[in-house]
Number of protein chains: 2
Amino acid sequence: MVTIKDIAKAAGVSVTTVSRALNGYDDVNEDTRQKIKDIAQGLGYSPNMAARSLISKKTKTLGLLLSNVTRASSKDNIAFEILCGMNDRAGELDYDLVLFSTTPQKQKIKSYKTLCQERGVDGVIIMGIRLDDAYLKEVVSSQIPCVLIDIPLEGPNVGYVTSDNVGGAYRAVSYLLEAGHRKIGVVNGHSQADVSVQRLKGYKQALERFGIPFDESLVMDGSFSEAGAKEAVYRLLAQQPDITALFCISDLMALGALQAVRGLGLQVPGQVSVVGFDNIDVTAYCSPALTTVNQNKYEMGYQAAQMLIDLLEGRKVSHRLVLDTELIIRESVSAR
Amino acid sequence: MVTIKDIAKAAGVSVTTVSRALNGYDDVNEDTRQKIKDIAQGLGYSPNMAARSLISKKTKTLGLLLSNVTRASSKDNIAFEILCGMNDRAGELDYDLVLFSTTPQKQKIKSYKTLCQERGVDGVIIMGIRLDDAYLKEVVSSQIPCVLIDIPLEGPNVGYVTSDNVGGAYRAVSYLLEAGHRKIGVVNGHSQADVSVQRLKGYKQALERFGIPFDESLVMDGSFSEAGAKEAVYRLLAQQPDITALFCISDLMALGALQAVRGLGLQVPGQVSVVGFDNIDVTAYCSPALTTVNQNKYEMGYQAAQMLIDLLEGRKVSHRLVLDTELIIRESVSAR
DNA sequence: AAGGTTATCCGAAACGTTTCGGAAAACGGC
DNA sequence: GCCGTTTTCCGAAACGTTTCGGATAACCTT
């Protein structure tokens with residue numbers, strides 16, 4: 001390994017000068033700087049990050065805390081797209097991304113702070129975490145800069161980015177209402193996810209606009225899973241056979257809903273219309289192609305990384321970013 | 001930040017003893033060790049990785065080099081599933097995973113070695129790289145341990161894991177042949193991917209078993225993309241209208257093939273049967289559901305991480321791992 | 001009681017970098 | 001030729017850890 005010392009020797013200057021030359025300080029002669037740079041280049045020098053961050057206390061790495069992201073959830077590639085966005089922006093700004101996935105079991109052992117310190121990350125992006133997760137409380141109180149995905153929490157070192165869930169749901173449900181549907185079932189996630197409450201809020205707002213009272217019994221949790229949604233829809237349609245449309249809080253659950261509806265011998269969209277949320281890739285290929293609400297997942301990741309780095313580098317910046325959503329109309333809704 | 005020094009002071013011993021106590025050396029009294037451990041715990045100590053790796057020259061991190069993985073390719077979540085497997089195994093063995101995605105443009109600037117040194121990774125897993133990529137040559141010659149995904153390259157510090165591509169293709173094509181198909185088009189990737197040549201080999205072997213001569217003109221490259229495959233199939237079917245089945249080297253391309261076939265007003269599988277490769281999630285939902293060859297993507301990642309760590313820690317281990325594939329029969333093939 | 005062994009501890013150097021405080025040399029003004 | 005300023009450089013300390021080579025004291029062995 002070639003060090004700054006080797007360069008210093010080769011150039012006949014001190015290590016201080018090499019360091020300052022390479023780091024662009026202005027108290028070094030341009031000729032000297034060029035000479036040093038040439039030598040560094042010739043020797044194939046690359047700085048030792050460990051030594052550097054030992055001094056600077058910065059590692060130039062961002063942690064990505066994926067709670068509960070297992071192979072099972074890989075079907076909805078939301079996490080991956082967000083990750084791509086993060087990775088791209090981090091790369092552009094010369095930060096590294098290190099993954100650490102935790103399981104509820106692991107979390108008992110190591111505190112959030114310990115985890116971050118040990119990995120030596122400057123800041124963290126957290127996604128897929130439940131609102132009642134113990135980590136969440138630690139986050140706000142800890143000093144480590146952090147941005148959350150889809151969790152509305154702000155603090156001096158905490159920000160978040162999310163989609164316009166209310167608006168998206170509002171538009172999706174309005175679309176159903178405009179198509180003549182009046183009894184619209186909701187397949188919700190679970191209460192410990194902010195998107196669940198936001199999207200339900202959008203549902204209610206749309207109902208209100210059409211003067212339709214909200215009926216609690218039309219809402220059922222599907223726990224964000226395909227199987228969970230399937231079962232929820234079976235129960236929902238058994239209790240309320242006159243439901244003509246289903247608003248599913250996530251596409252994965254919409255897929256489960258599709259199966260359930262068909263399992264009951266009903267047609268989609270002929271007898272029951274279905275709309276989802278997320279616009280995951282499968283929705284364009286399944287049959288019928290799913291009408292859904294697009295979220296800009298890549299952008300979420302991209303902006304999350306941007307926000308975190310802004311936080312890290314002490315820039316004044318909004319700690320809250322809500323991205324637009326868009327209704328994607330396909331074939332799973334028919335007029336009534 | 002609480003350091004080893006603080007612990008030493010609190011415990012009334014030297015930093016040496018603290019270090020040795022915490023690292024399980026046996027030349028420290030058990031009582032002393034326990035006392036030190038308690039103090040460390042109480043103070044919330046966590047070791048400074050930078051300092052540690054400055055000395056040890058190990059970072060306990062694995063690099064993941066994703067060449068050309070963009071948001072576009074997120075549709076086939078293969079990369080993500082592999083990543084999940086890698087991340088899990090790395091986590092189990094107490095390694096971190098850092099991502100660095102490169103673009104051909106970036107590669108010009110930094111050499112493979114520089115990149116790895118700078119990021120300070122102990123070893124690298126590389127995937128999605130083309131056979132003619134300049135990095136590849138560097139890899140074998142470099143000293144940095146490395147495992148490749150789907151690229152058969154071995155060396156003292158280099159290993160790879162891949163799927164049984166020949167066998168998978170053989171079974172898929174045999175299945176078509178057994179269904180009575182005799183003129184089977186191939187939508188290949190491009191020549192700079194090993195899977196392309198392996199899967200084509202399997203195709204040829206199956207043909208041979210049935211005594212059918214290989215016809216070069218039945219093969220067309222689709223460049224691993226949906227759009228590329230679509231165009232390839234248009235051309236293929238225009239030239240050879242009596243093709244009754246298509247073997248697509250990847251599911252993404254099979255999806256494109258589906259569109260092309262339908263675009264020509266033909267039925268799948270009624271008039272043209274289609275089989276894919278990979279078993280990506282969409283294949284179970286698209287219509288018709290795609291018959292394809294499953295590769296165990298998660299396992300690939302898992303084993304790749306295992307192999308790399310074995311390499312790093314100097315264990316004697318096979319530098320070559322080929323995972324089984326399995327034919328998944330769905331609805332896109334009919335008998336003839 | 002001398003010599004040898006074992007158990008337990010420690011001082012100091014080393015890893016590669018940044019940075020603080022200064023110092024030498026060159027220059028300008030008068 | 002003196003003084004102040006600017007330019008360009010450097011020595012040494014510091015970051016937190018590991019590790020080498022001992023050192024001390026207690027315990028055996030004969």
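All values reported here derive from a predicted model rather than from experimental measurement. Below, read A as the first sequence line, B as the second, and so on, with proteins coming before strands; counting in each chain starts at 1.
Mapping A:L54 and B:Y25 onto DNA chain D via the closest heavy atom, the residue that lands nearer the 5' end is A:L54. Each of B:V28 and B:A51 lies near DNA chain C, and the nucleotide nearest B:V28 is the one positioned closer to the 5' end.
If you check every strand for non-hydrogen atoms under 4.0 Å, A:N29 touches sugar and phosphate atoms only. Across all strands shown, A:S19 has heavy atoms under 4.0 Å from base atoms, whether or not it also approaches the sugar-phosphate. Base engagement by B:D27 is indicated by at least one non-hydrogen atom pair under 4.0 Å involving a base atom. Residue contacts shown for A:S56 are absent, as no nucleic acid heavy atom lies under 4.0 Å away.
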Kindly determine whether A:V98 and A:L62 satisfy side chain to side chain contact (heavy atoms under 4.5 Å, CB included), including the steps that lead there. CA-CA 6 Å; A:V98 359; A:L62 270 29; over 6 Å; no
As a quick check of understanding, evaluate side-chain hydrogen bond (donor to acceptor under 3.5 Å, both in side chains) for B:S14 and B:T17, giving each step before the final call. CA-CA 5 Å; B:S14 74; B:T17 306; 3.2 Å; yes
May I have the step-by-step check of salt bridge (charged side-chain N to carboxylate O under 4.0 Å, His left out) for B:K60 and B:D122, ending in yes or no? CA-CA 6 Å; B:K60 282 275 205 169; B:D122 292 342; over 6 Å; no
Between B:Y135 and B:L65, is the side chain to side chain contact (heavy atoms under 4.5 Å, CB included) condition met? List the steps. CA-CA 11 Å; B:Y135 267 18; B:L65 190 57; 3.7 Å; yes
Checking A:Y45 against A:L22 for the side chain to side chain contact (heavy atoms under 4.5 Å, CB included) test, could you report, in this order, the C-alpha distance in whole Å, the side-chain angles of both residues, the deciding distance, and whether it holds? CA-CA 11 Å; A:Y45 168 78; A:L22 259 23; 3.9 Å; yes
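Distance B:R20 CZ to C:dC10 P: 12 Å, rounded to the nearest Å. Across the protein-nucleic acid pair, B:D26 atom CG and C:dT8 atom C1' stand 11 Å apart, rounded to whole Å.
At a threshold of 4.5 Å between non-hydrogen side-chain atoms, the residues A:L323 and A:T162 do not count as touching.
Nearest heavy-atom pair, A:G159 versus A:L311, reported as atom, atom and distance to 0.1 Å: N-CD2, 4.3 Å. When all heavy atoms of A:R20 and A:R33 are compared, the pair lying nearest together is O-NH1, 3.9 Å.
The end-to-end axis angle of the helix from C:dA1-D:dT30 to C:dC30-D:dG1, rounded to 10 degrees and based on five pairs per end, is 50°.
Atom CD1 of A:I309 sits about 9.0 Å away from atom CG of A:D94, to the nearest 0.5 Å.
Between chain A and DNA chain D, the heavy-atom contact criterion of under 4.0 Å yields a 5' to 3' nucleotide range of D:dT8 to D:dG16.
Looking at residues 6-16 of chain A, you'll see A:G12, A:V13, A:S14, A:T16 sit with a heavy atom under 4.0 Å from some atom of DNA chain D.
Taking the six-membered ring where the residue is Trp, B:F224 and B:H190 present perpendicular rings, their angle passing 60° and hence far from 30°.
Aromatic pair A:Y160/A:H319: ring centres not closer than 6.0 Å.
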